[in-house]
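Remember, it's 1-based here, ligands and their atoms both numbered in the order they're listed. FYI, side chains are in, hydrogens and waters are out, and symmetry mates aren't considered; it's all heavy atoms of this structure.
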Amino acid sequence: MNAPNTAGWRPEMTSNGAATPLPATASGDRGLALEEPLIFELAAPGGTGVDLPEASAAPVAGLSRHLRKTPPALPGLSEPEVVRHYTRLSRQNYAIDLGPFPLGSCTMKHNPRLNERVARLPGFADIHPMQPRATVPGAIEAIAQLADWLMVLTGMAGVALSPKAGAHGELCGLLAIRAAVEARGEDRPVVLVPTSAHGTNPATAAFAGFRVEAIPATDDGRVDLAALTARLADGAGGDVAGVMITNPNTCGLFERDMPAISAAVHAAGGYVYCDGANFNAIVGRVRPGDLGVDAMHINLHKTFSTPHGGGGPGSGPVVLSDRLAAYAPLPFVRRDDDGVAHLVEEEDLSSLPGAAPFGRMAAFHGQMGMFVRALAYMLSHGGDGLAQVANDAVLNANYVLRSLQDVLHAPFADAGPCMHEALFTDDELGEGVTTLDIAKGLIDEGFHPMTVYFPLVVHGAMLIEPTETESRAGLDRFISSMRSLAARAKAGDPSLKTAPHYTPRRRVDETLAARKPRLVWQG
Ligand SMILES: *Cc1c(COP(=O)(O)O)cnc(C)c1O
């Protein structure tokens with residue numbers, strides 16, 4: 001590797017031995033790679049972007065005790081300075097619209113612009129949740145169509161649309177399970193969670209008031225069915241409200257024993273929660289209801305291509321089996337016998353004797369913009385198109401797995417094809433080189449890193465999910481960067497240990513930042 005020498009740009013950077021050093025710049029910027037101070041550091045003391053007449057000395061009658069003693073600690077900048085500051089900052093973001101985002105488990109796929117177009121139609125974008133229902137029949141019908149699609153694709157009897165994200169959907173599913181257990185007059189304090197689960201699963205179970213017990217994984221990365229059935233056998237499962245299983249799981253593998261897992265849990269009187277964040281791998285191919293699942297959240301911002309925007313807004317509808325559908329939280333949509341969609345609220349329950357909602361997850365119905373985007377995506381793909389989404393997502397992940405397994409350790413590669421994501425570890429990278437070094441090296445290569453150190457069941461995990469929206473040429477570029485990084489690692493290239501070299505910041509102390517965040521500027 002002949003990396004360009006950037007010693008002139010950053011004084012702390014060491015030379016990689018390239019021939020001609022790049023010239024230093026007086027500004028610290030490097031072409032279009034701009035340095036950006038904090039807005040408080042930009043602001044001249046006492047500066048302002050507006051001209052106001054001198055304030056009259058006499059305070060407004062009755063307000064004198066509210067007068068400021070000191071000026072507000074706001075940066076004093078003009079409008080163009082503010083606009084440039086935020087625009088320069090925005091250019092330091094990496095985004096799915098700039099390049100691949102191979103974060104395993106996150107399904108960072110392209111957000112089709114058709115969805116955006118439809119979501120911006122005034123009839124969807126400009127309505128208000130307090131508006132009289134009679135003025136929004138079209139929006140209610142769109143919500144009902146989304147509900148119909150979700151139930152058909154998953155083979156389930158009901159759906160709660162209001163949860164705002166996957167983790168919120170997990171909570172919704174567990175609260176429905178708790179309501180069902182209580183309706184039977186039982187006390188079941190335990191939820192079983194496999195060791196490979198996403199961190200939100202045990203966190204949700206604990207938050208919902210359950211005691212979490214771990215189920216071990218087998219050597220081939222799947223739930224240990226024997227351990228699970230032993231835990232539930234001979235009446236020992238009487239304290240178990242349910243299990244939370246991710247399928248496909250976080251090792252990128254399909255849980256083949258799912259029907260047997262569900263049967264064992266049902267026989268013990270429990271319910272099966274499926275973490276459906278990885279539905280992208282099986283949408284249109286497998287209906288979780290057929291595998292015995294009772295509740296499953298679907299991340300519209302993953303499988304159904306709505307944007308993952310900086311932590312929100314997401315949307316995590318929960319589909320429910322006929323054993324749990326009655327407990328769906330308010331509000332929900334329901335079609336009457338003529339097929340007309342209605343919103344059901346508290347005051348409508350008297351005409352629905354079967355409904356026993358456990359409460360509500362949110363004030364209103366959910367994220368309308370996300371519903372419209374997801375429905376536009378479903379309608380534009382059709383059932384066959386959605387099946388092809390899953391096929392292509394799995395094909396792309398297997399292409400990555402087979403193209404890298406000779407240079408990176410792939411723990412489950414011998415177990416057959418993977419699903420939508422390929423799992424590697426840092427086992428064979430050579431002395432002292434870790435997953436973190438490869439992730440930081442990828443930033444220099446112009447890619448967002450993969451998911452690192454998750455799942456926890458393998459050491460030094462690198463979880464790569466290319467999704468179906470990357471082209472073969474795009475995958476080849478990524479693979480070639482990964483192969484180059486693996487080769488540098490094995491050759492003992494010391495510059496990998498200090499990557500990234502081409503970013504405005506290098507290796508920040510993430511632990512310190514998380515433990516002692518400095519959220520207020522102190523001058
Ligand atoms: C993304 C994800 C979640 C959580 O979903 P959010 O929408 O981020 O709350 C849960 N489980 C798995 C496996 C995931 O990938």
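For Arg518, the CZ atom sits in a loose shell: 12 or fewer heavy atoms of surrounding residues, nucleotides or ligands are nearer than 6.0 Å.
Pairs passing the side chain to side chain donor-acceptor pair (under 3.5 Å) check and including a residue from residues 164-178, sequence neighbours excluded, read Glu170-Thr200, Glu170-Asn201, Glu170-Thr204. Annotation: side chain to side chain donor-acceptor pair (under 3.5 Å) contacts involving residues 282-291, sequence neighbours excluded, comprise Arg285-Asn391, Arg287-Asp290.
Ring geometry, Tyr94 versus His448: the interplanar angle falls from 30° to 60°, so the pair is classed tilted.
In this structure, the ring of Phe332 has its center no less than 6.0 angstrom from the ring center of His365.
Listed by chain and number, the residues in a side chain to side chain donor-acceptor pair (under 3.5 Å) with Arg211 amount to none (sequence neighbours excluded).
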Which pairs of N or O atoms, one from ligand 1 and one from the protein, are separated by less than 3.5 Å, and what is the distance for each pair?
unit_1   : atom_1 : unit_2 : atom_2 : d
ligand 1 : 5 (O)  : Asn299 : ND2    : 3.0
ligand 1 : 7 (O)  : Gly166 : N      : 2.8
ligand 1 : 7 (O)  : Asn299 : ND2    : 3.1
ligand 1 : 7 (O)  : His301 : NE2    : 2.7
ligand 1 : 9 (O)  : Gly166 : N      : 3.3
ligand 1 : 9 (O)  : Ala167 : N      : 2.8
ligand 1 : 11 (N) : His198 : ND1    : 3.4
ligand 1 : 11 (N) : Asp275 : OD1    : 3.3
ligand 1 : 11 (N) : Asp275 : OD2    : 2.6
ligand 1 : 15 (O) : Ser105 : O      : 2.7
ligand 1 : 15 (O) : Ser105 : OG     : 2.7
ligand 1 : 15 (O) : Lys302 : NZ     : 2.8

